[in-house]
Amino acid sequence: MSVSGQQQQQQQQQQQAASTSFSLGAAVHTHGGSHGALVPGMQSLQLQQRPAGGTRISSCAEAVGMRVGERLAERYSRDRPRMGDTLEIIKFVCKDFWLAVFRKQVDNLRTNHRGVFVLSDSNFRWLSRLPPAPPVGSDPPTPEAAAQRAAAAAVASNQLHLACGVLAGALSQLGVACVVEADAHACPAAAFTVRITMMA
């Protein structure tokens, strides 16, 4: 093959690599007891055609958060007796784990007693430095203010994806399979919804 043919082939491979990205699928879906092992179909590395940007970043943030959450839960629960039921594990996460990671306890814990828990933090540490949302009914923002709000919303989204991963990883390490979602309409307050899928 000639030099120019090799260069063309390399350029084509580089273009393919640029248009294809690796991402972790469903990083906040966990299977209890997996202890960091990849579960086929849930956390396996998948080759997907995606434009570079938000979706890739959020799934990577969740994947990193999962690994961090698993390791932190292992560290902070090492000297405790094994926890029995889901409610005991959730209480541990709300009190001891949250205090160790975010330097305060969860402000409110609610449940429907059917596997759904809502952890509310009125001043979530990772969102505390972001600008507050504008009051409802205020004047339309200037283009600069709108751009700043959009940037702050993107940062908040990434922070929440990371936090969801940390929470899901911790619960997975403690034997609770779950799906975690976050909501932060009134920044810096955040609510994390944990839907239990099964106990290990």
Side-chain angles (χ1 to χ4, degrees), residues 23-39 42-45 54-80 83 86-111 115-130 152-200:
S23 66
L24 287 171
V28 295
H29 296 273
T30 65
H31 286 283
S34 65
H35 303 292
L38 292 178
V39 178
M42 293 302 285
Q43 295 176 340
S44 60
L45 193 60
T55 306
R56 180 175 176 218
I57 291 171
S58 63
S59 63
C60 288
E62 290 170 357
V64 169
M66 284 283 295
R67 287 189 290 270
V68 169
E70 287 172 348
R71 286 175 177 82
L72 290 175
E74 183 177 359
R75 176 186 295 169
Y76 297 134
S77 65
R78 184 179 333 168
D79 298 331
R80 294 178 55 97
M83 292 170 264
T86 306
L87 185 58
E88 187 178 355
I89 292 170
I90 294 288
K91 285 181 180 179
F92 166 77
V93 167
C94 290
K95 292 179 180 178
D96 301 332
F97 182 80
W98 211 267
L99 181 64
V101 176
F102 302 112
R103 297 186 182 161
K104 66 180 287 259
Q105 292 182 353
V106 168
D107 294 317
N108 191 6
L109 171 64
R110 291 177 293 155
T111 182
V116 178
F117 298 88
V118 179
L119 289 68
S120 300
D121 192 336
S122 62
N123 190 18
F124 187 57
R125 185 174 180 85
W126 291 359
L127 301 180
S128 62
R129 293 192 178 173
L130 295 177
V155 169
S157 174
N158 290 335
Q159 295 290 339
L160 290 174
H161 281 286
L162 183 63
C164 284
V166 168
L167 184 55
L171 289 169
S172 172
Q173 181 68 25
L174 297 170
V176 177
C178 63
V179 177
V180 178
E181 300 170 346
D183 180 30
H185 288 299
C187 204
F192 296 90
T193 304
V194 177
R195 288 183 173 78
I196 306 300
T197 56
M198 62 184 250
M199 268 300 277

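Here the structure is a predicted model, which is why all the values come from computation and not from measurement.
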> Does any non-hydrogen side-chain atom of E181 lie less than 4.5 Å from one of R195?
Replying inline: yes
> In Å and rounded to the nearest 0.5 Å, what is the CG to CG distance from L162 to L167?
Replying inline: 11.5 Å
> Shortest non-hydrogen contact from A73 to F97?
Replying inline: N-CE1, 3.7 Å
>> Please give me the minimum heavy-atom distance between K104 and S122, naming the atom from each residue.
In response: NZ-N, 4.3 Å
> Is the W98 ring parallel, tilted or perpendicular to the F192 ring (thresholds 30°, 60°)?
Replying inline: perpendicular
> Does any non-hydrogen side-chain atom of V68 lie less than 4.5 Å from one of V101?
Replying inline: no
>> Testing the basics here: between K95 and Q105, what is the closest heavy-atom pair and its distance to 0.1 Å?
In response: O-CG, 3.7 Å
> Would you find a donor on one side and an acceptor on the other, under 3.5 Å apart, between the side chain of T111 and the backbone of V116?
Replying inline: yes
> What distance do M66 atom CE and E62 atom CD have between them, rounded to the nearest 0.5 Å?
Replying inline: 9.5 Å
> How far does CG of L171 sit from CD1 of I90, to the nearest 0.5 angstrom?
Replying inline: 5.0 Å
> Between the main-chain N or O of R125 and the side-chain N or O of S128, is there a donor-acceptor pair closer than 3.5 Å?
Replying inline: yes
> Roughly how far apart are E70 CD and R75 CZ, rounded to 0.5 Å?
Replying inline: 14.0 Å
> Does V93 reach the side chain of L174, with side-chain heavy atoms less than 4.5 Å apart?
Replying inline: yes
> Just how far is it from atom SG of C187 to atom CG of N123, taken to the nearest 0.5 Å?
Replying inline: 9.5 Å
>> R80: which residues meet the salt bridge (Lys or Arg N to Asp or Glu O under 4.0 Å) condition with it, sequence neighbours left out?
In response: D96
>> Using the rule side chain to side chain contact (heavy atoms under 4.5 Å, CB included), only one of T193, V106, L109 pairs with V118; which is it?
In response: T193
> Parallel under 30°, tilted from 30 to 60°, perpendicular over 60°: which one fits the rings of W126 and F102?
Replying inline: perpendicular
> Taking the side chain as C-beta and beyond, is there a heavy-atom pair between M83 and S77 under 4.5 Å?
Replying inline: yes
> If every non-hydrogen atom of L127 is compared with every non-hydrogen atom of A189, which pair is closest and at what distance?
Replying inline: CD1-O, 4.5 Å
> Between R110 and S120, what is the shortest heavy-atom contact and its length?
Replying inline: NH2-OG, 4.1 Å
